[in-house]
Protein chains: 2
Amino acid sequence: MARYGKEHKLATRQRIIETAGRRFKRSGIDGSGVATLMADAGLTNGAFYAHFESKEDLVATAVSDQLRYQREQLAAVAPGRAGVEQIVRAYLSPEHRDNPEEGCPSAALLDEIGRCGDPTRQAYTDSMLAIVDDFAARLAPHDPQSARTTVLGVYALMAGTLQLSRALTDRRLADDLLEQGIRNALAVLDGESATSGA
Amino acid sequence: MARYGKEHKLATRQRIIETAGRRFKRSGIDGSGVATLMADAGLTNGAFYAHFESKEDLVATAVSDQLRYQREQLAAVAPGRAGVEQIVRAYLSPEHRDNPEEGCPSAALLDEIGRCGDPTRQAYTDSMLAIVDDFAARLAPHDPQSARTTVLGVYALMAGTLQLSRALTDRRLADDLLEQGIRNALAVLDGESATSGA
DNA sequence: CCGTTTATATTATGACCGTACGACCATAAG
DNA sequence: CTTATGGTCGTACGGTCATAATATAAACGG
């Protein structure tokens with residue numbers, strides 16, 4: 001009875017989710033209307049509600065998807081301290097700052113997510129925990145439970161630093177802040193591993 | 001010829017700015033309409049444009065005002081390391097997290113500000129620098145220039161941590177993150193002062 | 001003490017965009 | 001050729017920013 005190959009709708013849905021993720025990061029959640037989101041995916045607004053119950057439904061889904069993608073990217077980096085430093089430097093780079101739509105969803109949307117309803121915040125929390133646990137296991141295989149909070153703290157540090165760097169009009173200052181953020185992130189990570197390692 | 005006491009309009013303007021600041025922090029910038037903002041101040045939408053050129057004009061003004069207020073609050077705290085620790089603990093407290101409309105404008109709005117136009121970001125930058133220079137002078141009277149970036153980094157760390165704590169639905173985890181943020185902020189501050197002091 | 005003057009605020013209006021839904025259509029699978 | 005699926009288009013209703021016309025109220029002169 002399947003009139004369309006069953007991938008069709010799923011592929012469309014996925015396309016909407018991905019383009020929406022990018023649009024949200026560029027224009028904000030409240031700043032992105034359904035019509036615009038659908039146009040980004042090459043569709044018109046009416047088709048939206050065949051794929052999602054509501055805008056909030058899409059928001060939660062897109063946030064999850066964005067964090068899932070971020071998790072994959074992080075997992076692809078070489079293990080060990082060298083990998084960690086590479087991640088930190090890439091995250092707190094001028095390139096990342098200047099291309100929010102291709103970057104971290106938390107840096108682009110965190111305060112807006114904080115104002116979202118429970119379903120969206122729950123989706124964010126779940127996906128966030130997957131990232132953090134992934135990373136904690138790599139960072140401290142002997143005690144991933146305690147490393148969880150450390151990783152969360154560093155993540156917050158990096159997201160906040162990138163946001164502030166984006167908000168400043170003084171380029172020089174914004175660049176200096178990124179450098180400072182790298183030092184801070186590494187100091188926290190090294191300091192913590194020394195503490196828990198000793 | 002002034003038929004109204006000249007304070008009247010200024011007082012009204014200030015009332016709009018202050019109530020708008022609170023509303024922005026609660027509902028976001030894009031999430032707050034002009035009519036709502038005016039109703040908060042006990043007025044109707046039409047009167048808005050007698051006080052401000054546009055919504056963006058108000059946003060820039062309100063952001064400045066919020067940061068000016070934050071600067072005053074910070075200046076009122078006792079100097080020395082004890083004062084610094086007090087500030088960090090108050091900032092990264094569950095009370096602050098759970099009352100965004102009375103709290104830090106950066107924690108509530110930073111990513112949205114990053115997407116604002118130049119005038120707003122410029123206003124943010126100027127007010128931010130006033131806070132940071134204030135604080136840097138208190139923290140390292142001998143070398144406030146270098147302390148500037150340190151303070152900016154800690155500010156970003158704290159804002160990001162508070163945002164993330166607000167986004168998480170797991171209360172326990174959110175609380176743990178705040179504690180971790182306090183440790184991180186103090187570690188950065190103590191580490192930096194040791195470096196520049198030695 | 002009262003009316004005039006004028007600043008301030010209200011209400012009405014404009015054109016546009018927001019979410020959400022329903023009717024209709026084209027197409028591709030069987 | 002039938003059928004249901006995924007899509008477009010049109011629509012409802014409210015909210016958005018902004019402006020203009022109108023009403024109100026405060027301070028002054030007489």
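Lettering follows sequence order; numbering is per chain, from 1. All of these numbers come straight from a predicted model, not from anything done at the bench.
- Taking atom OH of A/Y49 as the reference point, atom C1' of D/dG6 lies 17 Å away to the nearest angstrom.
- D/dG15 atom P lies 15 Å from atom NZ of B/K55, rounded to whole Å.
- Scored by the salt bridge (charged side-chain N to carboxylate O under 4.0 Å, His left out) test, B/R26 finds B/E101 as partners (sequence neighbours excluded).
- Using a 4.0 Å cut-off on heavy atoms, the residues of residues 17-48 of chain A that approach DNA chain C are A/S32, A/G33, A/V34, A/N45, A/G46, listed by number.
- Phosphate proximity of C/dA9 to B/H51: present, with a side-chain N or O under 4.0 Å from OP1 or OP2.
- Residue order along DNA chain D, read from the 5' end via each residue's closest nucleotide, puts A/A50 first among A/A50 and B/S54.
- Taking the side-chain contact (heavy atoms from CB on, under 4.5 Å) definition, one finds that B/R183 meets it with B/E179, B/Q180, sequence neighbours left out.
- Screening residues 94-131 of chain B for ring-ring contact (aromatic ring centres under 6.0 Å, His included), with sequence neighbours left out, gives B/Y91-B/H96.
- The CD-C1' distance, from B/E53 to D/dA18, rounds to 13 Å in whole Å.
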Open item on the list: Between A/R171 and A/D98, is the salt bridge (charged side-chain N to carboxylate O under 4.0 Å, His left out) condition met? List the steps.
Closed with: CA-CA 11 Å; A/R171 181 87 182 213; A/D98 299 335; 3.4 Å; yes
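- The side chain of B/T12 contributes an N or O atom lying less than 4.0 Å from OP1 or OP2 of C/dA9.
- Residue pairs meeting the side-chain hydrogen bond (donor to acceptor under 3.5 Å, both in side chains) criterion with at least one member in residues 40-51 of chain B, sequence neighbours excluded, are B/R23-B/D40.
- In this structure, A/D57 atom CG and C/dT19 atom C1' are separated by 14 Å, rounded to whole Å.
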Which pairs would a plain distance check flag for residues 149-156 of chain A, meaning a side-chain donor or acceptor within less than 3.5 Å of a matching protein atom at least two apart in sequence or in another chain?
| residue | atom | partner | partner atom | Å |
| --- | --- | --- | --- | --- |
| A/Y155 | OH | A/Q70 | OE1 | 2.8 |
| A/Y155 | OH | A/S106 | OG | 2.7 |

